[in-house]
Amino acid sequence: MPYYVGRVVDSEQSLVARTPEAFRKKQNIDVRIRHEVEAVDLAGRRVSGRDLESGAVFEKPFDTLLIATGASPMVPDIPGVRSRNVFTLSSLEGGVELRRFVDENAPKRAVIVGGGYIGLEMAEALLGRGIETALIEREAEVMGTLDPDMGSLVSGAVEEAGVALYRKESLTGFEVGGDAVRAVVTDQRTLPVDMVILGLGVRPASGLARDAGIPLGEKGSIRVNDRMQTPVEGVWAAGDCAESFHLVSRRPFWVALGTVANKHGRVAGMNLSGGDEIFPGVVGTAVTKMKDTEVARTGLMEREIRALGLDFVQARIDDRTRAGYYPGSAKITVKLLAEKGSGRLLGGQIVGGEGSAKRIDVIAAALHAGFSAGQLLYLDLGYAPPFSPVWDPVLTAARVLVSSF
Ligand SMILES: Cc1cc2nc3c(=O)[nH]c(=O)nc-3n(C[C@H](O)[C@H](O)[C@H](O)COP(=O)(O)OP(=O)(O)OC[C@H]3O[C@@H](n4cnc5c(N)ncnc54)[C@H](O)[C@@H]3O)c2cc1C
């Protein structure tokens, strides 16, 4: 049964990896959905909360506790922000609600606030539904996890896709009529709307842990060691609510990504059930796309490198994703950053057509290995004309980087 229509998932059911029943049957795990934990009593070793359907209060004792409460979307404190046509997208239910709104109300104009991963992916989805879409971004370019010179390529792709992009512009308020926002007000204009999507980023959902007295770390995430253990005996944390370690900066780091959350979960699960597994850390790898433009980043960006007080060199090259003469090759831009002197690779960013984004994985692996630009340059990567030029664009960028030392 095909689930994909074009490139959009057709049924939300296909997004459910495992149901509570499957957990019960296959692993004898008692999954209670619609149950919210409201407090953790560390001294009494119990959690308490509420059944959200019946309202009944529950209490559960524990020997070992894993906190995996995820992240919460940032919502500005602006009158009208709770209106029925204002959405954040942070859960499957939220996505279903948003889609239902679009199906039932056939909105003509949407404004997205925030040009990060969620903002871009939502812009593409709304355009796909024929909705006139505007995007407001406070910074000079979208994708603040890229350096501005690379972000500008993504801004170009956003505009080319047909989104009205307003950069260096901030949301200041909403004009509300009845139970809906009728217009989005920025510091420069008023945009009439039928729906609003807020993609302003997320923060760790660590309130439960904080209130229980569990120490927090980077950006308010739950502090853990490399076994995913919090400083409190018998209490573990994993996923978007928990801290990671950055292998390039060698500092605590917080990132909310499924890639990291899955690994956290594996390591925490193995350790709390008696194993001995280490999660070494992350390099900050992420990919996304805007229509045909793929976007990828890993490691440190210029701003982060400067904040660490490191001197760096950089190279940025324009190339093709396949041999130039081969049909279907697309433009690709690769940027690499390395420490001046040692040549240690610090980060990389890629923007380009089909086949661009996953090339970031080579750079991510090089960062894990602590490679210098010179070591990256001579990696034995595969080549045939349908897949890449004979020097893969990542290697070409390394070649230029090495010559800039
Ligand atoms: C639209 C969207 C697209 C994304 N795309 C990507 C992508 O392409 N690649 C990628 O790597 N990552 C992506 N992510 C991020 C990824 O989904 C998260 O990093 C991942 O789901 C985190 O897993 P988690 O288990 O830590 O948290 P979650 O999946 O958020 O799960 C936490 C759960 O805890 C529950 N909970 C919270 N508090 C309580 C409480 N007090 N009591 C009981 N339950 C509670 C929440 O309801 C939630 O179900 C995306 C996220 C979004 C929103």
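Read the numbers this way: they start at 1 and go in the same order the structure lists the ligands and their atoms.
Residue pairs meeting the salt bridge (Lys or Arg N to Asp or Glu O under 4.0 Å) criterion with at least one partner in residues 272-288, sequence neighbours excluded, are Arg227-Asp276, Arg266-Glu277.
The shortest distance between side-chain heavy atoms of Ile136 and Val111 falls below 4.5 Å.
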Considering only N or O atoms, set out every pair between ligand 1 and the protein closer than 3.5 Å, with distances to one decimal place.
residue	atom	partner	partner atom	Å
ligand 1	11 (O)	Gly258	N	2.9
ligand 1	11 (O)	Thr259	N	3.3
ligand 1	12 (N)	Gly258	N	2.9
ligand 1	19 (O)	Asp240	OD1	2.8
ligand 1	19 (O)	Asp240	OD2	3.1
ligand 1	19 (O)	Leu257	N	3.3
ligand 1	19 (O)	Leu257	O	3.3
ligand 1	19 (O)	Gly258	N	2.9
ligand 1	26 (O)	Asp240	N	2.8
ligand 1	41 (N)	Val37	O	2.9
ligand 1	42 (N)	Val37	N	2.9

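Using a 4.0 Å cut-off between charged nitrogen and carboxylate oxygen, Arg129 and Asp103 count as a salt-bridge pair. With salt bridges taken as basic N to acidic carboxylate O contacts below 4.0 Å, one links Arg189 and Glu169. Look at Glu218 and Arg251 and you find no salt bridge, because none of the NZ, NE, NH1 or NH2 atoms lies under 4.0 Å from a carboxylate O.
With hydrogens and angles disregarded, a donor-acceptor distance shorter than 3.5 Å links the side chain of His35 to the backbone of Ile33.
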